[in-house]
Amino acid sequence: MTLASGREFLMIPGPTTVPDEVLRAMHRPAIDIYTGSLVGLTDSLLADLPKVFGTTGKAFLYAANGHGAWEAAVTNTLSRGDRVLVLDSGRFARGWGEMAKMTGLEVEVLPGDWRRAVDPAAVTARLAADTAHEIKAVLVVQVDTASGVLNDIAALRKAIDAAGHPALFMVDTIASLGCVPYKMDEWGVDVTVTGAQKGLMTPPGLAFVAANARALAAHETADLKTFYWDWTFRQGSEHYQKYCGTPPEHLLFAFRQALDLLLGEGLDAAHRRHALLAAAVRACVTKWAEGGAMELNILEEAQRSNSVTVVLTPGLDPAALRRWCQETCNVTVGGTIGEIAGQGIRIGHMGHVNAPTVLGTLGVLELALKALGVPHGAGGVQAAVECLSAGLTEPR
Ligand SMILES: *Cc1c(COP(=O)(O)O)cnc(C)c1O
């Protein structure tokens with residue numbers, strides 16, 4: 001028999017569950033793009049986005065996915081032949097580097113480890129060796145969705161400063177903004193990119209980029225600029241210029257509603273919610289791991305992301321586990337990708353997640369382990385409950 005009828009739980013690391021209010025906000029006719037409420041909507045988004053990024057810099061809106069935001073960041077600030085240093089800690093910074101290469105940049109990857117965060121000392125060492133300052137930008141992700149790592153962006157800024165290096169610092173927050181604290185100005189980040197469809201609870205199709213004064217100054221002389229991504233054109237006075245064409249109206253309606261939810265909850269409260277739910281996921285998986293069939297991919301607790309948990313599963317077939325959850329219980333968790341493809345699962349817990357969605361997902365995974373005869377430590381879900389219970393009663 002099956003228990004799959006009813007709502008699907010989409011627990012992959014993006015796209016994530018879109019709240020009903022956000023879906024409803026899109027269910028309306030298109031409106032004029034030259035005058036009226038859409039112009040005010042754009043202004044409100046451009047005013048609120050910097051708050052979410054933690055910057056007083058400029059924000060740009062793109063009809064694009066995260067890959068588009070990557071391209072916007074590098075083409076607006078760099079020139080053909082410039083060298084960029086990619087800080088590897090999984091799949092995504094490398095992907096950003098692959099894109100940068102095709103736009104005409106020299107890309108160097110600082111080798112990383114899929115089970116650990118980027119080592120700030122290695123960054124300082126590499127930049128200190130670049131006495132001619134050939135490296136023009138440093139690219140890193142805050143949370144790598146492939147490995148489940150959380151990089152310490154403030155520490156990486158300090159690492160760049162310790163080398164006295166002037167490279168622009170660019171950070172991908174696609175799988176972390178709205179989920180974990182991010183302070184663009186305080187941490188000295190020059191360009192931040194993100195997408196709508198993960199922590200920001202909006203359907204895929206919008207990308208956002210924030211640039212500080214240093215990045216805007218670099219933009220003046222950058223020669224990789226192309227018409228669609230160009231920040232100068234997008235700062236023009238005509239409304240359509242903000243989107244370089246027709247605004248993606250319905251996604252904007254959705255994003256406004258999603259921002260209202262996020263800012264209504266409060267960024268700090270949203271970060272605490274993600275932290276506690278993620279801790280519950282890790283407590284549960286740690287219990288299951290006592291059976292010897294699985295382990296958390298990221299080795300150090302402080303480097304584990306609160307938006308996605310990557311679990312290596314040497315003692316079970318991850319595809320069979322995922323299929324069972326999907327077919328029997330309508331719960332979808334992700335598979336691993338990149339170097340660890342086929343070796344584990346990824347549990348997304350970002351955006352519109354709460355205790356029932358997380359406990360429900362963990363309950364179904366535990367049921368699957370039992371049904372498939374996978375050896376696992378007993379009491380995983382109980383450990384998650386204990387963790388939530390302790391977190392909810394903790395004074396703050
Ligand atoms: C999802 C993701 C991307 C890619 O975003 P797309 O919208 O799929 O282009 C980039 N970086 C990180 C960290 C991601 O999680």
Side-chain angles (χ1 to χ4, degrees), residues 10-18 53 60-75 84 86-103 107 109 112 114 117-118 138-153 156 169-180 182 184 189 191-210 228-229 248 251 254-255 258 274 278 297-298 303-310 332-341 345-351 353:
L10 182 65
M11 303 299 279
I12 61 174
T16 62
T17 300
V18 180
F53 281 119
F60 300 91
L61 305 158
Y62 291 98
N65 60 17
H67 283 67
W70 281 349
E71 190 159 327
V74 297
T75 57
V84 302
V86 168
L87 310 183
D88 179 31
S89 62
R91 185 72 208 90
F92 286 91
R94 270 199 232 168
W96 197 357
E98 284 154 14
M99 157 174 291
K101 189 168 178 196
M102 200 157 170
T103 65
V107 176
V109 178
W114 276 59
V118 174
V138 174
L139 275 46
V140 71
V141 294
Q142 186 179 25
V143 165
D144 192 296
T145 332
S147 66
V149 80
L150 170 74
N151 284 308
D152 185 342
I153 303 303
L156 292 173
F169 187 30
M170 304 194 191
V171 180
D172 168 341
T173 62
I174 296 172
S176 51
L177 202 69
C179 309
V180 305
Y182 187 74
M184 178 164 167
V189 178
V191 181
T192 307
V193 303
T194 202
Q197 79 276 20
K198 298 190 184 178
L200 300 180
M201 305 180 287
T202 301
L206 287 178
F208 315 109
V209 179
Y228 185 71
W229 305 115
L251 289 175
F255 184 51
H274 281 84
N297 180 52
I298 298 302
Q303 298 179 356
R304 291 174 179 150
S305 158
N306 286 340
S307 53
V308 57
T309 295
V310 177
T332 303
V333 296
T336 46
I337 57 172
E339 273 180 14
I340 56 172
I345 62 168
R346 298 186 299 159
I347 307 168
H349 33 86
M350 62 177 96
V353 287

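Each ligand, and each atom within it, is numbered from 1 in the order the structure gives. Residues take their numbers from the sequence shown, with the count starting at 1.
- Every residue two or more places apart in sequence or in another chain that forms a side chain to side chain contact (heavy atoms under 4.5 Å, CB included) with Pro203 is listed here: Val18, Val22, Met26, Leu251, Ala254.
- The side chain to side chain contact (heavy atoms under 4.5 Å, CB included) search around Gln303 returns Arg116, Ala117, Val149, Ile298, Glu300, not counting sequence neighbours.
- Residue Glu71 is tested with Trp229, Trp96, Tyr228 for a side chain to side chain donor-acceptor pair (under 3.5 Å); the sole match is Trp229.
- Judged by distance alone, the side chains of Thr192 and Tyr182 do bring a donor and an acceptor atom under 3.5 Å apart.
- Protein neighbours of ligand 1 below 4.0 Å, counting non-hydrogen atoms: Asn65, Gly66, His67, Trp70, Phe92, Val143, Thr145, Asp172, Ile174, Ala175, Gln197, Lys198.
- Taking the side chain to side chain contact (heavy atoms under 4.5 Å, CB included) definition, one finds that Ile340 meets it with Trp114, Asn297, Val310, Leu312, Thr336, Gln343, sequence neighbours left out.
- Expressed to the nearest 0.5 Å, how far CZ of Arg94 lies from NZ of Lys101 amounts to 13.5 Å.
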